[in-house]
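A short write-up of the structure that comes next.
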Amino acid sequence: MHLGRTTLSKFLIQQLDGIENARELGALLVYVAAAVKAISAMTAKGALSGMHGKVETQNVHGEVQAKLDVIANDVLLRSSEWGGLVAGMASEEVDEPYPIPPQYPRGRFLLIFDPLDGSSNADVNVSVGTIFSILRHDRPEAPLLQDYLQQGREQVAAGYAIYGPSTMLVLTVGKGTHGFTLDREIGNFILTHPQMTIPADTGEFAINTSNARFWEAPVHRYVTECQAGRTGERGRDFNMRWIASMVAEVHRILIRGGVFMYPKDTKDPGKPGRLRLMYEASPIAMLIEQAGGRASTGRQRLLEVKPTELHQRVPVILGSANEVARIERYHVEHDAGHDGPFVSPLFNERSLFRPEARG
Ligand code: AHG
Ligand code: MN
Ligand code: MN
């Protein structure tokens with residue numbers, strides 16, 4: 001029965017009321033949704049699409065691209081470049097910002113995206129996603145790199161698509177976080193998860209523990225306490241998940257709570273984290289905050305990090321508000337040197353293995 005359901009278009013007309021350039025923003029979100037439907041169709045075909053596997057190229061991060069990375073990137077660029085809605089675009093898969101071709105008019109928004117998040121999961125038939133961020137560009141001139149480097153709190157809209165057993169689009173325009181499910185028979189996104197809300201407390205955490213030896217002490221402290229469960233400091237058991245698609249972890253957290261961490265580590269001293277600020281951390285942080293959660297680097301609200309580079313990386317700790325606040329407190333206590341009793345002496349700055357720590 002289709003009558004009475006709220007489609008994405010109807011939702012946007014209602015939701016964008018009162019927002020500057022509402023029509024254009026709504027139309028841009030519909031363009032993005034169209035790209036998402038195309039990517040959804042490709043991922044759902046799996047090996048039958050002929051698009052599985054790697055290509056010979058690497059992206060700006062030195063990562064070998066999957067065929068689907070390249071195609072999803074093209075789909076998003078082609079869907080959004082022609083309609084006079086965007087002034088420019090930027091993507092995980094493209095080194096420099098993408099200028100709008102001269103035959104098309106420029107609009108008032110910048111669209112930034114991770115076309116395929118978790119792409120290593122595509123070949124093993126595990127959920128992947130698309131993440132996007134929309135910023136304003138109010139000058140008539142074509143945007144310069146500097147115009148893209150806005151704090152996350154400047155975003156006018158953010159969202160992700162998850163290509164799982166069902167395809168969902170989850171978005172915010174600063175009025176809550178709302179989830180839509182793709183009805184494949186009629187080709188519409190239907191509002192199925194209005195006003196998503198993250199419980200403030202949780203018993204579930206997500207982190208890649210193979211990086212444990214590179215973590216900072218506050219993260220060790222938190223994870224060690226979770227692992228100790230009811231026999232330790234927390235007095236209750238925790239559960240752990242790691243899918244390696246951030247979109248899928250975040251989706252789980254929006255549905256039932258949890259904490260996701262890809263924290264600062266020392267694996268590669270040149271990189272302060274794994275995830276990228278502009279098209280992974282910032283849009284996801286806006287969705288998390290709009291759903292009542294908390295999103296942090298451990299030492300700063302993610303939405304207040306000032307970007308200096310398009311592809312810069314950032315530590316990410318987000319999810320259920322009370323747990324994230326606790327991890328932030330562990331960072332404060334560590335930085336003030338007040339975390340002694342809880343810290344494993346085997347790791348990090350105050351390590352027994354550092355020469356100055358030995359007696
Ligand atoms: P992408 O596929 O866009 O490069 O992003 C993958 C990201 C993120 O989705 C996930 O949380 C993380 O990388 C997984 O990293 P590990 O392989 O280090 O666990
Ligand atoms: Mn990604
Ligand atoms: Mn990606």
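Atoms within each ligand, like the ligands themselves, are counted from 1 in listed order.
- Shortest non-hydrogen contact noted between D237 and G229 is OD1-CA, 3.5 Å.
- Within the 2.8 Å limit, D69 places no N, O or S atom next to the Mn ion (ligand 3).
- Listed by atom number, the atoms of ligand 1 under 4.0 Å from D114 heavy atoms are 3 (O).
- Near L116, meaning under 4.0 Å from one of its heavy atoms, ligand 1 places the atoms 2 (O), 3 (O).
- Taking the six-membered ring for Trp, Y279 and H311 have ring centres closer than 6.0 Å.
- Residue-ligand proximity, G118 to ligand 1, at heavy-atom distances under 4.0 Å covers atoms 1 (P), 2 (O), 3 (O), 5 (O), 6 (C), 9 (O).
- Every atom of ligand 1 with a heavy atom of A244 under 4.0 Å away is listed here by number and element: 9 (O), 10 (C), 14 (C).
- Every atom of ligand 1 is numbered from 1 in the order shown, and the set under 4.0 Å from a heavy atom of W242 is 19 (O).
- Closest N/O/S atom of E92 to the Mn ion (ligand 3): OE1.
- Residue, atom and distance of the protein heavy atom nearest to atom 5 (O) of ligand 1 are D117 OD1, 3.2 Å.
- The nearest pair of heavy atoms linking P263 to V219 is CB-CG2, 3.7 Å.
- When the heavy-atom distances from atom 16 (P) of ligand 1 to Y262, F260, Y279 are ranked, the shortest goes to Y262.
- Of the candidates T177, L303, L302, L303 is the only one forming a side-chain contact (heavy atoms from CB on, under 4.5 Å) with E289.
- Residues K37 and F189 meet the side-chain proximity criterion, which asks for heavy atoms closer than 4.5 Å.
- The atom name of the N/O/S atom in D117 closest to the Mn ion (ligand 2) is OD1.
- The shortest heavy-atom contact between N73 and S91 is OD1-OG, 2.7 Å.
- Within the set M261, E93, R274, K267, the minimum heavy-atom distance to atom 13 (O) of ligand 1 is found for R274.
- With a heavy-atom cut-off of 4.0 Å, R276 touches ligand 1 through its side chain alone.
- For the pair I243 and ligand 1, no heavy-atom separation below 4.0 Å is found.
- By the 4.5 Å heavy-atom criterion applied to side chains, I19 and V173 are counted as neighbours.
- Ligand 1 is approached by E280 to a heavy-atom distance shorter than 4.0 Å.
- Side-chain atoms of T130 and D117, non-hydrogen and from C-beta on, never get closer than 4.5 Å to each other.
- The nearest N, O or S atom of L116 is closer to the Mn ion (ligand 3) than 2.8 Å.
- Within the 4.5 Å cutoff, side-chain heavy atoms of W242 are placed close to those of E249.
- Distances from ligand 1 to the non-hydrogen atoms of L275 include at least one value under 4.0 Å.
- Shown in contact with S245 at under 4.0 Å from a heavy atom are these atoms of ligand 1, numbered in order with element: 9 (O).
- Smallest separation of non-hydrogen atoms from T297 and I317: O-CD1, 4.1 Å.
- Looking at D114 and the Mn ion (ligand 3) together, the shortest N, O or S contact belongs to OD1.
- When each atom of ligand 1 is checked for a heavy atom of N208 under 4.0 Å away, the hits are 16 (P), 18 (O), 19 (O).
- With M246, E92, Q65, H61 as candidates, the residue nearest to atom 3 (O) of ligand 1 on a non-hydrogen basis is E92.
- You'll find the side chain of I327 reaches within 4.5 Å of the side chain of V259, heavy atoms only.
- Side-chain contact check for D114 versus F132: every heavy-atom pair is 4.5 Å or farther apart.
- The atoms of ligand 1 that sit less than 4.0 Å from any heavy atom of S119 are 2 (O).
- Between I207 and Y262, the closest side-chain pair of non-hydrogen atoms is not below 4.5 Å.
- E280 contributes atom OE2 as its closest N/O/S atom to the Mn ion (ligand 2).
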